[in-house]
Amino acid sequence: MTITPVQDTPQWQALDAHFREMRDVHLRDLFARSPDRAERFTVEGAGVILDYSKNRVTEETLDLLLTLAEERGLRERIDAMFRGDHINVTEDRAVLHTALRLPADAELKVDGEDVVAEVHGVLDRMAVFADQVRSGDWTGHTGRRIRNVINIGIGGSDLGPSMAYTALRDYSERSMTFQFVSNVDATDFAEAVRGLDPAETLFVISSKTFTTLETLTNAHTARDWLVGALGDEAAVAKHFVAVSTNAEKVSEFGIDTDNMFEFWDWVGGRYSYPSAIGLSLMVAIGPDRFREMLEGFHAMDEHFRTTPFDRNLPVLLGLIGIWYDDFFGAETVAVLPYDQYLERFSAYLQQLDMESDGKHVDLDGKPVGVQTGPIVWGQPGTNGQHAFYQLIHQGTKLIPCDFIGFLETLNPLGDHHDLLMANMFAQTEALAFGRDAPEPYRVTKGNQPTNTILCRRLDPRTLGALVALYEHKVFTQGTVWGIDSFDQWGVELGKELARKIIPELQAEEEPELAHDSSTNALIRRYREARGKQAG
Ligand SMILES: O=P(O)(O)OC[C@H]1O[C@H](O)[C@H](O)[C@@H](O)[C@@H]1O
């Protein structure tokens, strides 16, 4: 494949010229010029409304960005992804998270396999298991019903289910507890199990590869905790289930593959929570709600696949992001949900976006000549307003923001929701238009761009649509940059070095250290303290 560096395309150069005309244009003027701007720059799809009018764009900007997307082959790439082509080139894999949410009567064959039948086969098994646990039919080793579910996993095998569980807590089984242990720091496990009765606790060991250091360490610790308390190795069968693509490693660990829920190498870790990786979530919210969530994902998938780009939410979100990232030089994007249930949403998006588009070479392996994926961050509103918003309003940086809000609340208490939403609307207004004042320190210059994303209410369907919106935004951007959004080689070096350092920390004899002087000294200092702690 030979891909033209994006900055060498005439469309990019046209955008560059246009940027020089646009960089000092104020949102005040853009709104003054066209009274129907909000109407023209609002689109809706899969139950999600996107008002992108408070962005520093004109119709011309959008035309240029849309032409760029077409020139970069976005249409063909979307079709290739949904078809199951091996678009993850460095790992030679299909990228088919969209197949996880196809309805049962859909058809998709990939590499000779009927993907839809496989997906629904696993979903049905998950549903049977989830119902058994929820109803108390699945009992622990001593016959007690399961009251606590702990998912052990990290990265994509943790962030999706934990974010979605938090987001959908209102729909979850309140008589049970759900926890997510990820960090290899023992504190994570120790605090999760504090006060829990092992006889009532189920561990879901989630790992695509089943080789991840953190997850296997936590899984072994969990097994020791459980077997130590119940006094019988056989207890593992009733208290451990696995979610993985790697049956061999699962049985090596000691989990019967009858208690394993499968997914496939065409599901990337950070795209995996609509697969069996969502098992703990399904136990929490029940199979019906889980399927509604998949319908929401699918609705946004279809919107992305079939809607013309000028009305396509993920495409617009992606292209507007590129406008700031590459032309205005914005380094970050803040995602600010005005809903407490979405408190983990930006942490989830960090992996989705930064692991996907944090790349320095294109599909041909040549250095990318432009900035790729942004730094994603954020906190739920209104908390952020009393913390970091000051910098967005009056600092020297350009920080594009996505505001996410809901027209209805799940907790209608007094006038809380009016106050919450008033704050959200006020922020986007203040950021766009600012305020003049005689004292320089009071001046708020405005012209800070925002997207407003509105949905009716936070339910499983809406959550699915929102996640898919961001998945496809990331894909749109990766396609324009010409990078592989589906590998993550950058995480390997640190893992390899850690594997080398572990025995150096643990060796009885002083090891020969061949790192740089800083790393050597840090290791020696740690060994010294470790020796003292042991002594
Ligand atoms: O699911 P696992 O195989 O345990 O992988 C867990 C995570 O670890 C890796 O380091 C990757 O960076 C992530 O993309 C992945 O989600």
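One-based numbering, in listed order, for ligands and for the atoms of each.
- A cation-pi arrangement is present between R125 and F261, with the terminal nitrogen or guanidinium carbon under 6.0 Å from the aromatic centre and inside a 45° cone about the axis.
- Scanning all protein heavy atoms for the shortest distance to atom 5 (O) of ligand 1 gives T212 OG1, 3.6 Å.
- Atom 14 (O) of ligand 1 has its nearest heavy-atom neighbour, among R270, E355, K208, K249, in E355.
- In this structure, F82 and F304 have tilted ring planes: the angle between them lies in the 30° to 60° band.
- Open room surrounds CD on E512; 12 or fewer heavy atoms of other groups in view lie less than 6.0 Å from it.
- Counting atoms of ligand 1 from 1 in the listed order, those under 4.0 Å from a heavy atom of Q351 are 13 (C), 14 (O), 16 (O).
- Each of the atoms 10 (O), 12 (O) of ligand 1 lies under 4.0 Å from some heavy atom of V491.
- Of the protein's non-hydrogen atoms, I154 O, 3.7 Å is the one closest to atom 7 (C) of ligand 1.
- Below 3.5 Å of separation, one finds an N or O of K495 facing an N or O of ligand 1.
- Taking the ring axis of F178 as reference, the NZ or CZ atom of R169 does not stay both within 45° of it and closer than 6.0 Å to the ring centre.
- When only non-hydrogen protein atoms are considered, atom 3 (O) of ligand 1 lies nearest to T209 OG1, 2.6 Å.
- When each atom of ligand 1 is checked for a heavy atom of S157 under 4.0 Å away, the hits are 1 (O), 2 (P).
- Ring geometry for Y271 versus F486: interplanar angle of 30 to 60°, hence tilted.
- K208 places a side-chain N or O within 3.5 Å of a backbone atom of V267 that can act as its donor or acceptor partner.
- Nearest protein heavy-atom neighbour of atom 16 (O) of ligand 1: G156 N, 2.8 Å.
- Atom CZ of R174 is surrounded by more than 12 heavy atoms from other residues, nucleotides or ligands within 6.0 Å.
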